[in-house]
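So that the names make sense, note that chain A is the first sequence line, chain B the second, and so on, each numbered from 1.
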There are 2 protein chains.
Amino acid sequence: MSSQPDPNDIRNVTIMDVARESGVSYSTVSRVLNGYEFVKDSTRQRVLETAERLGYVANLQARSLAGGRSRIIGLLVPGLDNAYIGEVVRGIDEELARANYDLMLYTTHRHRGKEPVYVKTIVNGIVDGLLLIVPLDPVAYLKNLRERQFPYVVIDHQGFDDFSPTVVATNWQGAYDATSYLIQLGHRRIGFVAGTPELSSATERLNAYQAALYTHEISFDAALVQNGDFQQEGGYLAAKILLNLDVPPTAIFASNDSSALGVYDAVHEFGLRIPHDISVVGFDDTLQAAVMYPPLTTVRQPLMDMGRTATRMLLNLIKGQPPPNHRIVLPTNLVLRGSCQAPATTSVQSTAQLSERRMK
Amino acid sequence: MSSQPDPNDIRNVTIMDVARESGVSYSTVSRVLNGYEFVKDSTRQRVLETAERLGYVANLQARSLAGGRSRIIGLLVPGLDNAYIGEVVRGIDEELARANYDLMLYTTHRHRGKEPVYVKTIVNGIVDGLLLIVPLDPVAYLKNLRERQFPYVVIDHQGFDDFSPTVVATNWQGAYDATSYLIQLGHRRIGFVAGTPELSSATERLNAYQAALYTHEISFDAALVQNGDFQQEGGYLAAKILLNLDVPPTAIFASNDSSALGVYDAVHEFGLRIPHDISVVGFDDTLQAAVMYPPLTTVRQPLMDMGRTATRMLLNLIKGQPPPNHRIVLPTNLVLRGSCQAPATTSVQSTAQLSERRMK
DNA sequence: ATATTTTTTGCAAGCGTTTTCAAAACATTA
DNA sequence: TAATGTTTTGAAAACGCTTGCAAAAAATAT
């Protein structure tokens, strides 16, 4: 009985089966499935119905091979060991689900050389478009993507070209606000834990830190800027150097929350208290920030929103609708919590007591 | 010049191009690429070399359509809003990268009905195998997978059948240890914030809690068990009920770290201190646990390891090597941090003072 | 040198779709 | 009623790869 398909049949039901069952050609079935206009309504109904009845599910590979849409988008991330990435991915995932798209995840594990290879595979592969979160080496392959007219959107990195669709946060403004806040609290010696210099977000934050000092007429001391790596370990190391300075800072601005965690570690190791002895500010507002003790004052990035926005942009690009602006900038804002207060010595200069605690 | 391929050519280089360039048939190229044994060494060399030179990258869709391996595995997760999932995924990702596989991520967003649909799409799709993290409704489709001989491994759920390859942690033992620890500290009234009862991990933890009480001859009080949902909010609500009890507990064991966070919230809302007024234990040891204040004593699950192990199992399954055991159990262990101490009233029974603080 | 076996290779079919092109069916007009 | 125009449908060619089968080439045995 062809109308009684064996439910235990191992083979999948194809467009052919649906065609046979509904008495039309497979081309017609394909057209119905793709919403082609010129199909008789009654035919459409019948096909749709048998497809449903047979439990037909499109074979994406075949579809995409034949030139159709796969409804899969690729996501290239440096790594998963990071709450920050996780948040962005959540936003992407949410928006994708709403649009009925699936997600293919590529992790480069921070291996720079892997990026171009991945991108190549991705592009000649199944995905309809590509999302890149903080790419390490975009210039190496974005030009190619563009030439192929392959849809892509870059998240949280900019400045390497001026044609790539990009979603970023106001890194500069956020860092400026944070620094200004510390200054307004009375801090004059503010340490800065920098991020990976290849990333525009890192350099922007550093620039804003300097700009804020400048605006408030505080002279810049290069010793107060130490390199971190956007990870806890780097923050810890950088903070140790800062706290060992002859005149240590009364506040430390870490380039992201992970580094701030490292700063907390170092501060505690020196037997100091936050915020009493030293204030700390982070950047990102990941889940951990609110849970830390004391809760971390930090610059909130709308991470999920960035993911969502980028996804919407990409989906439009795939539909052939280029976005009005190539670059979308989302606002950050300073979240005040318990990790900051006015410096212990209300009068500014005498950090003498503090520096006595310095570790050898 | 056929030997000078245009680098700007939009079309991808195919197996045909490689064949033409190296003067063999496309089948031979395919064989070389798939490591087929009976190819003359010199031929193999030549093909490999031209493939490299031309920058050939296999088209996964075509390969998988034709019946080959896609080197992609699918991962079905309930959601991304959870540090716990993230950890497992990291383990998976790591192991997959090592084996040169890619990852396709499917999120059900905790929508039970979506699971079967997804599984169907996945199976007739591109992936070579499927990993399922805490599936909500496995019975609905695992039988089908098995019948099709489709490789899959279940992570952190068990008990719904006895043939599915599974990786779990010692949930029972972990919860038993945690409860015993609290009892040894002197606690007699121990609250329990339960997890989602559909998950075996949740019921096992509850059972172990009861077993530990029983072993130590502490009578079970149903009022001390409140339902949570494995999320912060549920933990908060459950803890509020517990703290409002006529004789509130002196310790609360939360079914996972997220719930424990909610417990912290409730405790603070009641103006109580951890661990001075009340001890708290969690489960999972996610990244947050160490950062919370006070640092959370919790049962560590080897999450990344679970991901890695499951992935290795799956990869073997795909290769046609069934694992020696269908079910792999990884050990948990209790991580002692600052959220527990002996109950304030060293003598056990008089919890009078505590209950006075009770909120109206 | 010839027959036989074994190793290598090529051809063709097929995987499940989309899409172009042309034919069939239907509706409309003269 | 014939001619013309439209809407619907079907057949066939791709898409890029794997694989069974058979032929060619090389190696071995007689």
Side-chain angles (χ1 to χ4, degrees), chain A residues 9-48 51 54-72 120-128 148, chain B residues 9-48 51 54-72 120-128 148:
Chain A
D9 186 2
I10 252 42
R11 302 227 323 73
N12 280 307
V13 10
T14 76
I15 212 179
M16 298 296 217
D17 302 323
V18 178
R20 192 173 341 101
E21 283 291 314
S22 43
V24 295
S25 75
Y26 55 84
S27 341
T28 302
V29 175
S30 173
R31 282 194 268 261
V32 169
L33 263 20
N34 288 297
Y36 181 69
E37 195 178 359
F38 295 113
V39 179
K40 210 200 286 174
D41 272 354
S42 59
T43 314
R44 185 191 309 282
Q45 283 315 320
R46 191 150 32 93
V47 169
L48 248 25
L54 263 39
Y56 169 82
V57 180
N59 181 318
L60 294 184
Q61 316 139 69
R63 174 171 289 176
S64 132
L65 224 208
R69 297 261 107 99
S70 66
R71 297 196 85 83
I72 297 178
K120 182 143 199 182
T121 320
I122 292 168
V123 169
N124 97 53
I126 201 174
V127 309
D128 289 346
R148 284 166 177 260
Chain B
D9 186 3
I10 252 41
R11 301 226 327 72
N12 279 308
V13 10
T14 77
I15 212 180
M16 298 296 215
D17 302 322
V18 178
R20 192 173 342 101
E21 283 291 315
S22 43
V24 296
S25 76
Y26 55 84
S27 345
T28 303
V29 175
S30 171
R31 288 193 187 100
V32 169
L33 262 20
N34 288 299
Y36 180 68
E37 194 177 0
F38 296 112
V39 178
K40 208 199 287 175
D41 271 355
S42 59
T43 315
R44 185 191 306 283
Q45 283 317 319
R46 192 152 31 94
V47 169
L48 247 27
L54 263 40
Y56 170 80
V57 180
N59 180 318
L60 294 184
Q61 317 139 69
R63 173 172 289 176
S64 133
L65 224 208
R69 296 262 106 99
S70 67
R71 297 195 86 81
I72 298 179
K120 182 144 200 183
T121 319
I122 291 167
V123 168
N124 98 53
I126 201 174
V127 309
D128 289 346
R148 284 166 179 261

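What separates CD1 of B/I126 from P of C/dC15 is a distance of 18 Å, to the nearest Å. C/dT18 atom C1' lies 7 Å from atom CG of A/N34, rounded to whole Å. One can place CZ of B/R20 at 12 Å from P of D/dC17, the figure rounded to the nearest angstrom. Across the protein-nucleic acid pair, B/R71 atom CZ and D/dC17 atom C1' stand 16 Å apart, rounded to whole Å. Distance, A/R69 CZ to C/dT18 C1': 12 Å, rounded to whole Å.
Shortest non-hydrogen contact noted between B/S64 and B/I126 is OG-CG1, 3.8 Å. For the pair B/L33 and B/Y56, the tightest heavy-atom approach, listed with the atom from each and the gap, is CD2-CE2, 3.5 Å. The two residues B/Y36 and B/R44 come nearest to each other via the heavy atoms O-NH2, 3.3 Å. Taking each heavy atom of B/E21 and B/L54 in turn, the nearest pair found is CG-CD2, 3.5 Å. Residues A/R63 and A/A58 share a closest heavy-atom pair of NH2-CB, 3.3 Å.
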Quick tally for nucleotides 4-11 of chain D: nucleotides whose base has a protein heavy atom under 4.0 Å get B, sugar-phosphate-only ones S, the rest -, giving ----BBBB
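Residues of residues 55-65 of chain B having a heavy atom closer than 4.0 Å to DNA chain C, listed by number: B/L65.
At a threshold of 4.5 Å between non-hydrogen side-chain atoms, the residues A/T14 and A/N59 do not count as touching.
Across A/L48, A/V32, A/V47, A/T28, a single residue satisfies side-chain contact (heavy atoms from CB on, under 4.5 Å) together with A/V18, and that is A/V47.
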Given the rule in the side-chain hydrogen bond (donor to acceptor under 3.5 Å, both in side chains) test, do B/S30 and B/S27 qualify, once you have shown the distances and angles that lead to the verdict?
-> CA-CA 5 Å; B/S30 171; B/S27 345; over 6 Å; no
